[in-house]
Number of protein chains: 2
Amino acid sequence: MRWDEIGNEACSVARTVGVIGDRWTLLILRDCFLGVRRFDDFQARLGVTRHVLADRLKKLVEEGILAKVKYEDRPPRYDYRLTDDGRALHPVIMAIVHWGDTHRVTKKGRPLLHTHKTCGHVFDPVMTCSHCAEPLTARAVEVRPGPGAAA
Amino acid sequence: MRWDEIGNEACSVARTVGVIGDRWTLLILRDCFLGVRRFDDFQARLGVTRHVLADRLKKLVEEGILAKVKYEDRPPRYDYRLTDDGRALHPVIMAIVHWGDTHRVTKKGRPLLHTHKTCGHVFDPVMTCSHCAEPLTARAVEVRPGPGAAA
DNA sequence: CACTTGAGTTCCAAAACAGAACTCACATAG
DNA sequence: CTATGTGAGTTCTGTTTTGGAACTCAAGTG
């Protein structure tokens, strides 16, 4: 399989990975959620080559994850902002952060702390069941083919 | 920045991405959670080259995400199983699946349905706050430097 | 003995990447 | 009006990483 075909797979993981399953793309998204918007800021923070950054941003725009917005007319300047589809990726980034925070800790502790504005407390993200609201564990989840399953 | 240096970054996203932030690696993990254990099964399901598959499995074992377990003595045969650290990645995969299910749907519907054994219902994963148990939104989360923040 | 299975290795050409320099449009300073 | 700076890329070159296919090895099967 090649990467330009992965969007056609039946699996939702494959289709999502086709959009965000690139090392740099995930780091770009992390920075987007931290408020980074401009080309040179991404480049300086990530240390990615400008070449690759331009390519990834273009793909994210094509996929509707980021929007290129003109923020100045003369000279024309654009920045990249999360769309609603892009913001919907927040749980993915939170899940990734949390795994790093709990399974790849350094002696110094966590690099970032998350505060929930709604309740005002520092928190960890917890994956729960939309029906009973209990925290999910891998073993408590059963997977069955759905209507869109492959033949 | 090159990939062999990313594990030293202060950011938890970077450290996690250094472990699982590869296209094939995420698909391998998806299959692990679906119960796939053997080299040839991964290869057939993913369509990845054997070369790359061997490399990714080796890295996952080195990282402690998978364990290589002998399941037959003569001839010696091994399979790959999730460790506890690996199972802790379940929320990441669930978040990815859910984004695909909701933002990259096909007319046919979802390829897989998830049932929560605890409550017996088909569900969606919901990211919630460990403190107040409310569902999280990107805008309700405030990020501040923690003890392990970079200088 | 010929064939199959599981789990990889080896080889080569094609694609992606890192690093650095270069472009372009405009703004500001001297 | 030349010199410098800024934001947002593009181009160039040499190194890595892939994709695809074939090959190996150890053991079991007909």
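Order of the sequence lines fixes the chain letters, A, B, ..., with proteins taken first and strands second; residue numbering starts at 1 for each chain.
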Student: Taking only N and O in the side chain of B:Tyr80, is any of them less than 4.0 Å away from OP1 or OP2 of C:dG6?
Tutor: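 No, B:Tyr80 has no side-chain N/O under 4.0 Å of OP1/OP2 on C:dG6.
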Student: Rounded to the Å, how far apart are B:Asp79 CG and C:dT5 P?
Tutor: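 For the pair B:Asp79 CG and C:dT5 P, the rounded distance is 19 Å.
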Student: Who are the ring-ring contact (aromatic ring centres under 6.0 Å, His included) partners of A:His131, not counting sequence neighbours?
Tutor: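 Checked A:His131 against ring-ring contact (aromatic ring centres under 6.0 Å, His included); matches are B:His121.
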Student: Decide yes or no on salt bridge (charged side-chain N to carboxylate O under 4.0 Å, His left out) for B:Arg104 and A:Glu9, but give the supporting numbers first.
Tutor: CA-CA 11 Å; B:Arg104 285 295 182 278; A:Glu9 288 281 300; over 6 Å; no
Student: Is there any protein nitrogen or oxygen under 3.5 Å from a nitrogen or oxygen in nucleotides 27-30 of chain D, and what are the pairs?
Tutor:
{"residue": "D:dG28", "atom": "OP1", "partner": "B:Arg74", "partner atom": "O", "Å": "3.4"}

Student: For A:Phe123 and B:Cys129, which heavy atoms make the closest approach, and how far apart are they?
Tutor: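 So the minimum-distance heavy-atom pair works out to CB-SG, 3.6 Å.
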Student: Starting at NZ of A:Lys59 and ending at P of D:dG9, how long is that distance when rounded to a whole Å?
Tutor: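 Rounding to the nearest Å, NZ of A:Lys59 and P of D:dG9 are 15 Å apart.
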Student: Just how far, in rounded Å, is P of C:dA16 from CG of A:Asp22?
Tutor: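 Distance check: A:Asp22 CG to C:dA16 P gives 11 Å.
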Student: Quick one, which residues of residues 28-54 of chain A touch DNA chain C with a heavy atom under 4.0 Å?
Tutor: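 Within this stretch, A:Thr49, A:Arg50, A:Val52 sit under 4.0 Å of the strand.
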Student: Could you walk me through whether B:His116 and B:Thr118 pass the side-chain hydrogen bond (donor to acceptor under 3.5 Å, both in side chains) test, one step at a time?
Tutor: CA-CA 5 Å; B:His116 192 204; B:Thr118 311; 3.2 Å; yes
Student: Would you classify A:Lys68 as touching base, sugar-phosphate or nothing, given that sugar-phosphate means primed atoms plus P, OP1 and OP2, and contacts are heavy atoms under 4.0 Å?
Tutor: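 Since only primed, P, OP1 and OP2 atoms lie under 4.0 Å of A:Lys68, the category is sugar-phosphate.
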Student: Under the 3.5 angstrom rule, does the side chain of A:Gln43 hit a backbone N or O of A:Val48 as a donor-acceptor pair?
Tutor: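 At least one qualifying donor-acceptor pair exists.
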Student: Find the distance B:Asp55:CG to D:dT17:P and express it as a whole number of Å.
Tutor: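 After rounding, the reported distance stands at 9 Å.
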Student: Indicate whether OP1 or OP2 belonging to C:dA18 is found under 4.0 Å from a side-chain N or O atom of A:Trp24.
Tutor: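 So the side-chain polar atoms of A:Trp24 do come within 4.0 Å of the phosphate oxygens OP1 or OP2 of C:dA18, strictly under.
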Student: Under a single-linkage definition using a 4.5 Å side-chain heavy-atom cutoff for Ile, Leu, Val, Met, Phe, Trp and Tyr, are B:Val126 and B:Leu136 assigned to the same hydrophobic cluster?
Tutor: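 In one cluster: no.
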Student: What is the distance from CZ of B:Arg56 to C1' of D:dT17, rounded to the nearest Å?
Tutor: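 Rounded to whole Å, this separation is 8 Å.
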Student: Is the side chain of A:Lys117 donor-acceptor paired with the backbone N or O of B:Arg139 at a distance under 3.5 Å, no angle test?
Tutor: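 A pair under 3.5 Å: yes.
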Student: Measure from CD1 on B:Ile6 to P on C:dC17 and round the result to the nearest Å.
Tutor: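 Rounding to the nearest Å, CD1 of B:Ile6 and P of C:dC17 are 14 Å apart.
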Student: A:Tyr71 OH to C:dC26 C1': how many Å, rounded?
Tutor: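 After rounding, the gap between these two atoms is 13 Å.
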Student: I need the NZ-P distance between A:Lys58 and D:dA8, as an integer number of Å.
Tutor: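 The distance from NZ of A:Lys58 to P of D:dA8 comes to 17 Å, rounded to the nearest Å.
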Student: Just so I know, are the side chains of B:Thr106 and A:Arg15 near enough to count as touching, which here means a heavy-atom distance under 4.5 Å?
Tutor: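 Yes, their side chains come closer than 4.5 Å.
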Student: Supply the atom-to-atom distance B:Lys68 NZ to B:Glu62 CD, rounded to the nearest 0.5 angstrom.
Tutor: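 Between B:Lys68 NZ and B:Glu62 CD, I get 11.0 Å after rounding to 0.5 Å.
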Student: Check whether any side-chain nitrogen or oxygen of A:Tyr78 sits under 4.0 Å from OP1 or OP2 of C:dA25, and answer yes or no.
Tutor: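 The answer is no; no side-chain N or O of A:Tyr78 sits under 4.0 Å from OP1 or OP2.
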